[in-house]
Asks: 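Once you've had a glance at the structure underneath, I'll fire off some questions.
Just so it is clear: chains get the letters A, B, ... in the order the sequence lines come, proteins before strands, and each one is counted from 1.
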Amino acid sequence: MTEMEIPKEYNATDVEEKWMSSWDLSMYHFNWEEDPRPQYIIDTPPPYPTGNFHIGNALNWCYIDFVARYRRMRGYNVMFPQGWDCHGLPTEVKVEETQGITKNQVPRAEFRRMCREMTTGNIEKMRKTMLRLGFSVDWSNEFVTMEPEYFVKTQKSFVKMYEDDRIYHEEHPVNWCPRCETAIAFAEVEYEARKTKLNFIHFDKVNIATTRPELMAACVAVAVNPKDERYKEYIGQTIKVPLFGQKVPLIADEAVEAGFGTGAVMICTFGDKQDVRWWTKFKLPLIKAIDKKGKMTKAAGSYEGMSLKECQKAVISDLEAEGFLYAQKPLDQNVGLCWRCNTPIEILSDPQWFVKIDPEGILKKADEIRWLPDYMKVRLENWTETMEWDWCISRQRIFATPIPIWYCKHCGKVMVAEEAWLPLDPNETSPKKACSCGSTEFEPETDVLDTWMDSSLTALHVTGWESAHELRLPAQLRPQGHDIIRTWAFYTLLRTLALEGKKPWETIMINGMVLGPDGHKMSKSLGNVISPEEVITKYSADAFRQWGAVGGSTGSDVMFRWKEVVAASRFLQKMWSIYRFSMSHLKAFGAKEAQYFSKELLLPIDRWLLSKLNRLVLAATEEMDACQFDSTFKAIRGFAWEVLADNYLELVKNRLYGDELEGQLAARYVLYQTVDTLARLLAPFLPFFSEEMYSRLGAGSVHNQAWPEPEESLISQEAEAEGELIKDITSQIRRYKSENGLALNAPLKKIEIYKVQVDTRDIAGATNTEVELMKGAPSFEYLPVEVKPNMGILGPRFRKEAGAVVKALKAQAPAKIEAQAVSGKISISVAGKSLELDPEAVEIKKEVISEGREVDVLDIRGAVVVIVR
RNA sequence: GGGCUCGUGGUCUAGACGGUUAUGACGUCGCCUUGACAUGGCGGAGGUCCUGAGUUCGAAUCUCAGCGGGCCCA
């Protein structure tokens, strides 16, 4: 331990890069074999490999890393795996963009290759950021959903669920993105407020109002509210649709709002979700007027081939020309958009694959899981309770897990791959057996699986499902954002339940979103995006992580603020100074000196510090167990800064620099314990800084050390009370000097302390003044100036009369009350009745009269401190 | 339109089992280079605890209503 090597300034970049390149990351590996330690498996979110690990990911990973490092130190066999959720539209869209093609212009296999290549490059970039942020990822348990080792599981899960009758193939209306030319799930639909026009149109018997005149070709009914007097007589009759001429029934349904538009609505296949409900309820016919590219079909007659927009324009002008359109009104409307390309979605009917949803089962399992914070469970419940359709899992895209299915060319029967054949792409491989009709000719399924079919398997994957290892379900923790509760959490619950009948995790910890410095969601269009790299370069990874810890409580959204990062890096420097000072006094505190030390040597302020330290350990442990990172870190920081640096160090400096060995030993012992404990407490949050600290304290990495155990015998009310008095006396004298323009190390003539017993050695050292404990009362006059009622006692006792009692107390001279309090009972009269109060029921403020004397008097916690100048 | 969440000095925030002096940070103002740290120390100013009503002896805290943010959805 050589303090000469410790620079005055903490150079975060050098320290962080040094440790990053020298750490042996195998210390973070999970042990799949028999291990006496309890397992702690984290079902980490596999990020989408965009190539850029954004600040929201980073916050999420900070939380995961805090937990992972803490649990390791607590003696758990921790798995912090890293997955990559590769498949899906965004990569396809990006490849189409960068290559200037559309998916159908190149062979399927070639397109997949381009996607894989881009994904691999992106993963590499993101790994770098994660390493730089010091996350203790277990890279031996990395998984990549596009690799056969992973997607074989996705396919197996499909086959198992198909055979279990949980997956079926059916023609059903689905959300369709005409740009991406694929079905999408409800979870992938986003809504945006837009202005549109409500068109009022004469039908032959009633007038209807619609925002979608281009869908008149697909009109299959008109609906009114059964209670609507205007239309009662027409219910059950047929109505002719203008321009297109089809005759449709006029039906009655409660769901029609009589007050909206004309009170009559046309039902089309399909304008919106409500149309689908009516279509199902009344078993209406299906007219497909829109094709998969969003163009009008033959069913639209002369409008065939037009885009939806063109068609709407044409229909409106034709309606107007023929006198059907009689009014237009502006209307605010929410349009469903494809979450990836922002194209308005349509509802089309098409054969698709579906997973059955069992809301009750999911809700029951959700109840068995601990939700942090608990109110987040409500989001899952609300979503689950409002599910209307099953989960559409087929997508008409390319870069995704293939559906291992063929259709027999002769009888049309579905051939499902056997598990032993997997993984495979039905477009490249044929079934290894004939159809039950004897045919060996098959048509492959070209649809692929929804990406959530991959990622909803992570809990199973990380716990060893379908691997050489024993299944270790449930995982201990699922960390994720609240934005994907309805998708990732929901689907994982569904799939784990369907495949293994168990809950996927014991605890789910929800993190909030990161908002920009302006309080809004970070987005390119708002220009408020900040990257983790930018923060690291300017202020260090540890400062970034500290912002992640203290930025907000777990679950709440966190605003990114530069000044918090600045404050974080200031704490690093402050902590560094504390460390540097401590180490300069610890060079000699080796085994040699330690043998002369015994706890009897500890002075009151030492016991005060140790009590506070152990209380801190106790609280930090409790809060880390509850994933309360902000309060944990704030407690540690507060201790280091206010308790240790501002007070303890100032009080023991004199002893440390002095030549009295016993006092020195005690202070060194305390310093050593404190610095060692702080290094450990900080380790989950500041892996680089704490490692640098620990490198001069002990052997090996701090990340292989145990979390500190609180020594309860050192926690003591009395030790803290006496320490607090010493601290307060010293800091009041410091303030006194400051107010009186004295240098802080300026000696005073003398300090006299009355009325309490207190150890004066450190007070004398810290104030550079002789301190004497005085017997008896000081010869000063006290003037009681104010009576302060203690409402905690008076309120509950007197209830309605409490107000009157307070009034009566205040009406008396403070000196009179004081005199009674000294005798043990205070009597007052309220509304003619006389009452007796205990002295505890009031606090009497007194002032010392010291005018005309060469002294100043401070009243501190019952102690009277007389300063002789 | 629904659900969730929040509204505290200039800014951000703690407090939420109801108890009279409302926490801390940043900013601001003043003083101080003291043998770890000026990226520091000490002190000061600055508050209708969103509004209104209710419960209560007593409300930032509980209840209701309203207003206003944010998020997730329809």
Asks: Looking at B/rG41, I'd like to know if its phosphate oxygens (OP1 or OP2) sit under 4.0 Å from a side-chain N or O belonging to A/W641.
Replies: yes
Asks: A/K8 side chain N/O closer than 4.0 Å to the phosphate oxygens (OP1, OP2) of B/rA38?
Replies: yes
Asks: Given atom CD1 of A/I578 and atom P of B/rG40, what is their separation to the nearest angstrom?
Replies: 12 Å
Asks: Go ahead and name the base partner of B/rC64; Watson-Crick or wobble counts if both distances stay under 3.5 Å, otherwise write none.
Replies: B/rG52
Asks: Please list, for nucleotides 1-7 of chain B, all pairs of protein and nucleotide N/O atoms separated by less than 3.5 Å.
Replies:
| from | atom 1 | to | atom 2 | distance (Å) |
| --- | --- | --- | --- | --- |
| B/rG3 | O2' | A/N382 | ND2 | 2.3 |

Asks: Among all residues two or more places apart in sequence or in another chain, which pass the salt bridge (charged side-chain N to carboxylate O under 4.0 Å, His left out) test with A/K833?
Replies: A/E801
Asks: Contact class for A/L649 vs. all strands (heavy atom < 4.0 Å): base, sugar-phosphate, or nothing?
Replies: base
Asks: P atom, B/rC71 versus B/rC32: distance in rounded Å?
Replies: 48 Å
Asks: Mind checking who B/rU28 pairs with, Watson-Crick or G-U wobble, both distances under 3.5 Å?
Replies: B/rG44
Asks: Evaluate whether atom CD of A/E622 has more than 12 neighbouring non-hydrogen atoms of other residues, nucleotides or ligands under 6.0 angstrom away.
Replies: no
Asks: Using the C1' atom in both, what is the distance from B/rA45 to B/rG9, to the nearest Å?
Replies: 10 Å
Asks: Rounding to a whole Å, what distance do you find between A/K634:NZ and B/rU23:C1'?
Replies: 11 Å
Asks: Can you identify which nucleotide, out of B/rA74, B/rC12, B/rC26, has its nearest atom closest to the A/E564 side chain?
Replies: B/rC12
Asks: Rounded to whole angstrom, note down the P distance from B/rU33 over to B/rA38.
Replies: 14 Å
Asks: Can you say whether the rings of A/Y10 and A/W576 are parallel (under 30°), tilted (30 to 60°) or perpendicular (over 60°)?
Replies: tilted
Asks: In whole Å, what is the span from the CD atom of A/Q628 to the P atom of B/rU13?
Replies: 17 Å
Asks: For B/rC12 and A/R561 - does any side-chain N or O of the residue sit under 4.0 Å from the phosphate oxygens OP1/OP2?
Replies: no
Asks: Which part of the nucleic acid, if any, lies within reach of A/A804 when heavy atoms closer than 4.0 Å are counted: base, sugar-phosphate only, or nothing?
Replies: nothing
Asks: Taking side chain to side chain contact (heavy atoms under 4.5 Å, CB included) as the definition, give me every residue that meets it alongside A/A746, ordered by chain and number, with sequence neighbours left out.
Replies: A/L742, A/A743
Asks: Start at the 5' end of RNA chain B and walk down; is the nucleotide closest to A/L644 or to A/D483 reached first?
Replies: A/L644
Asks: Roughly how far apart, to the nearest Å, are B/rG40 and B/rG1 at atom P?
Replies: 50 Å
Asks: Is A/E346 paired with A/R212 through a side-chain N to carboxylate O contact shorter than 4.0 Å?
Replies: yes
Asks: Taking for each residue the nucleotide of RNA chain B with the nearest heavy atom, is it A/Q573 or A/L515 whose nucleotide lies nearer the 5' end?
Replies: A/Q573
Asks: Can you measure A/R637 atom CZ to B/rU13 atom P for me and round it to whole angstrom units?
Replies: 15 Å
Asks: State the pairing partner of B/rC17; accept Watson-Crick or G-U wobble contacts with both distances under 3.5 Å, and report none otherwise.
Replies: none
Asks: Any side-chain N or O of A/K800 under 4.0 Å from OP1/OP2 of B/rC57?
Replies: yes
Asks: How far does the P atom of B/rA22 sit from the matching atom of B/rC49, given to the nearest Å?
Replies: 12 Å
Asks: Who pairs with A/A766 by side chain to side chain contact (heavy atoms under 4.5 Å, CB included), at least two apart in sequence or on another chain?
Replies: A/L651, A/T730
Asks: What is the distance from atom CD1 of A/I763 to atom CD of A/E770, rounded to the nearest 0.5 Å?
Replies: 13.0 Å
Asks: Let me see the working for A/E642 and A/K612 under salt bridge (Lys or Arg N to Asp or Glu O under 4.0 Å), right down to the final yes or no.
Replies: CA-CA 11 Å; A/E642 284 127 39; A/K612 292 248 176 198; over 6 Å; no
Asks: If you measure from the P atom in B/rU39 to the same atom in B/rU5, how many Å do you get, rounded?
Replies: 43 Å
Asks: If you check the A/D646 side chain, which of B/rU11, B/rG27, B/rG41 turns out closest?
Replies: B/rG41
Asks: Output all residues satisfying salt bridge (charged side-chain N to carboxylate O under 4.0 Å, His left out) with A/D606, sequence neighbours left out; order by chain, then residue number.
Replies: A/R655
Asks: Within 45 degrees of the ring normal and closer than 6.0 Å to the centroid, is that where the cationic atom of A/R379 sits relative to A/W371?
Replies: no
Asks: Can you check nucleotides 15-21 of chain B for protein contacts, nitrogen or oxygen pairs under 3.5 Å, and list what you find?
Replies:
| from | atom 1 | to | atom 2 | distance (Å) |
| --- | --- | --- | --- | --- |
| B/rU21 | OP1 | A/K788 | NZ | 3.3 |

Asks: Report yes if a side-chain nitrogen or oxygen of A/K574 is closer than 4.0 Å to either non-bridging phosphate oxygen (OP1 or OP2) of B/rG41; otherwise report no.
Replies: yes
Asks: Mind checking who B/rG1 pairs with, Watson-Crick or G-U wobble, both distances under 3.5 Å?
Replies: B/rC73
Asks: Going by atom types alone, do A/R277 and A/Q274 pair a side-chain donor with an acceptor below 3.5 Å?
Replies: yes
Asks: Give the rounded distance in Å between these two atoms: CG of A/L337 and P of B/rA74.
Replies: 12 Å
Asks: Rounded to the nearest 0.5 Å, what separates atom OH in A/Y579 from atom OG in A/S690?
Replies: 11.0 Å
Asks: Between B/rA74 and B/rA14, how far apart are the two C1' atoms, rounded to whole Å?
Replies: 36 Å
Asks: In whole angstrom, give me the gap between the C1' atoms of B/rC4 and B/rC42.
Replies: 45 Å
